[in-house]
Amino acid sequence: QEGSHRLPSSQCMVVLLGSTSVGKSSLAYRYVKNDFRDSLPTVGCSFFTQMLNLEVASIKFEIWDTAGQEKYHSVCHLYYRGAHAALLVYDITNKETFNRAKLWLRDLEKEFLPDEILIALVGNKTDLAGEREVATEEGEEFARTKGLLFMETSAKSSHQVNDTFMAIAQELLQREREEASHHGLLTADLEESRTGTRCC
Amino acid sequence: MAADVHKKKGWEVPNGSLAPGDGQHAERSESPTPGLAQGTEPGAGQEGAMFVHTRSYEDLTSPEDGAAAARSPEERRGEPAELTSMEQISKDFSELSTQLTGMALDLEEEMRQSKEGKLEPSPQTTRRDSVLSGKEEEDVTMDAWRMHRKHVFVLSEAGKPVYSRYGSEEALSSTMGVMMALVSFLEAEKNAIRSIHADGYKVVFVRRSPLVLVAVARTRQSEQEIAHELLYIYYQILSLLTWTQLNHIFQQKQNYDLRRLLAGSERITDNLLDLMAHDPSFLMGAVRCLPLAASVRDAVSTSLQQAKAKSLVFSILLSGNQLVSLVRKKDQFLHPIDLHLLFNLISSSSSFREGEAWTPICLPKFNSSGFFHAHISYLEQEMDLCLLLVSTDREDFFTVSDCKRRFQERLRRRGVQHALQEALRTPFYSVAQVGIPDLRHFIYKSKSSGLFTSPEIEAPYVQEEEKERLLGLYQYLHSRAHNSSRPLKNIYFTGPRENLLAWVRAVCSIWVSLSSLVLHGRAVGEWHNTGVAPSPCAVLLGVSLHPCAREGWAGIAVGAGELRHRGLCHVLL
């Protein structure tokens, strides 16, 4: 249980957070099914799994897609707990959603120690660049000051969606390696840690 | 397990009927009895207390800002106390056995924001803005808006709009203010408004503190039926929030804008109203069964039963709005209303088609103060077969998810998937299978099991308006049969386009539409002709009672046969 945050080797729990209608479900759907469709507001949470095979390891992403609606916020807290990574999603055409993402970050910071969870700030809907309200630099700058990964995506046009998850996987593996060498251990035996990493 | 639902002692009521009798107010019971008894729902007990609560018309209609400004001194003083009680709420919530998901944090935050003078994000911006909803907000000043056959409004006791079927709530705030004024005016006289009948319209009021529900209808429904639909809307709101939470919110802040919490869920309520306009389930207070061979259903039920977990209370398999199988924990009963709300939730969202959903849901007739957690998923992409697993533990996602896997595996091992797929291809049977000439359509309801069967609606009820007309006729019969001052057991109704027959007994009821060419004598004869038992109920279920009926009733027997599997048989004996 303790090690699950440090050794995201075979299973990696990712939670998608953000306001209503920023495209959390669409991002998950694009990544898992490589397809896009307009979706209705998510009810509660949805759970997806997706395997990612890298040279050094294969990672099973467990993706929690949460509802942006207020009444479900308290449920979302549940999925923070075991998460290895969080995607803070905002809509680049809606400044308010960017501000909400900052609030989500505050929540996460309350819940986790700084190196316990990998957080990525994701500005979605780059296909609607004409209506942009949040400049790329603004997102970038905020991510830099807070030490977050940053990415702008479009679930609709499939822009950088895979890259986002790939970056998360790489970063987690990197952290894991550092962690292991820091403790003077060999690189974690992925096969061995496969058992018992499930956190829920 | 499914079958013994109905053999339990708790289900046996002296008069043989499990539903409260017409017009009778049944004792409040923990077990979900089919049928909706007035006065047993949460909040009903408060009716006596509400009369002290009155407000001036100005308060109700004055704009939000003005009211806020006028009240601000008290509010400011009250705020610290409110916050502490908020904490108390959040503590209370976490102590609830069914694990409420509290709203306290969000409320607290909102109050902080309003103190800072920051504007709340308008719920309007997120409301029904989904591309798929395909609905533009209507202009409430247009004639088209006025032409809708039924309007439904929900407002808070402060006169704040909560929901409107058509048009934006904001544009309707003054209309809703007037509605609240009407309610309050009569309450001040220690009276309660129920309905207004004028010019072909019925305006029906249902008061469930802290909400007021109003319908403005031009349908043929009786006042009671419209009120019954409004209650469903009330339960729908409870299923999202719980009664406890709803009350806490309004105790803390009387002029709270509930649309904030309901944002994104309006389509669920919209869908419920659409369903009620087309589906006789709600009128019957029963659930429709998918026609299925008993052996297949047995296998499905057993598989469901075997895939159990400690926290699992109900396992439900459904297709469209038809029940395939329901397995419940011992001594736990699911009320048809709760089941309807679950069906509605599933049919109103396409998002369940992907992945596995895990959502808090309150089943108001079961327990209006807490949330269950529902695991919702479709068994296979292209199959319209949805599995609903209701758990008491919100932490149990993976356990419940594993139940699904186990269920699917057992289904495979029993080799019933193919048969199930076949059955899904023909989810309705034809009325012609029954073989009775001039029989156009019927509904057979078993009151004890809360289930009904009905053939596909065929000619002449092909067009949408004809279908609605048929349902309207059933509604008319139903309201006549269940008229509280003069209930009827047998009705033969000769209309210009069809003849209708209603046969209502304690254990079951039958509603039939026959061609208008059938003469009264023949129609009744048809039903009594069986000789052995002059009850259509027996005829329906005893295929071999009458030689002529052997072929004739086979179709209904198909439907009834599958009902029988659901524990209906004791009705016959």
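Reminder, nothing fancy here: chain letters follow the sequence lines and each chain counts from 1.
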Original post:
Of the non-hydrogen atoms in A/Gly44 and B/Pro360, which two are nearest, and what is the gap between them?
Top reply: CA-CD, 4.3 Å
**OP:** Might you point out which heavy atoms bring A/Leu40 and B/Ser348 nearest each other, and give the distance in Å?
**Re:** CD1-O, 3.9 Å
Original post:
Can you find a pair of side-chain heavy atoms, one from A/Thr66 and one from B/Trp358, that are under 4.5 Å apart?
Top reply: no
**OP:** Specify the closest pair of heavy atoms between B/Gly264 and A/Pro41, including all atoms of both residues, with the distance to one decimal.
**Re:** O-CG, 4.0 Å
Original post:
Which bit of B/Leu262 is near chain A, if near means a heavy-atom gap under 4.5 Å: side chain, backbone, both or neither?
Top reply: backbone
Original post:
Distance from A/Arg37 atom CZ to B/Glu354 atom CD, nearest 0.5 Å?
Top reply: 4.5 Å
Original post:
For B/Ser377, is it the side chain, the backbone, both or neither that has a heavy atom under 4.5 Å from a heavy atom of chain A?
Top reply: neither
Original post:
Roughly how far apart are A/Glu62 CD and B/Phe397 CZ, rounded to 0.5 Å?
Top reply: 8.5 Å
Original post:
Has A/Lys156 got more than 12 heavy atoms of other residues, nucleotides or ligands less than 6.0 Å from its NZ?
Top reply: no
Subject >> Nearest atoms (heavy-atom pairs only) where A/Gln69 meets B/Ser265 >> reply: OE1-OG, 3.6 Å
Subject >> Pairwise distance SG(A/Cys45) to NE2(B/His373) - rounded to 0.5 angstrom >> reply: 8.5 Å
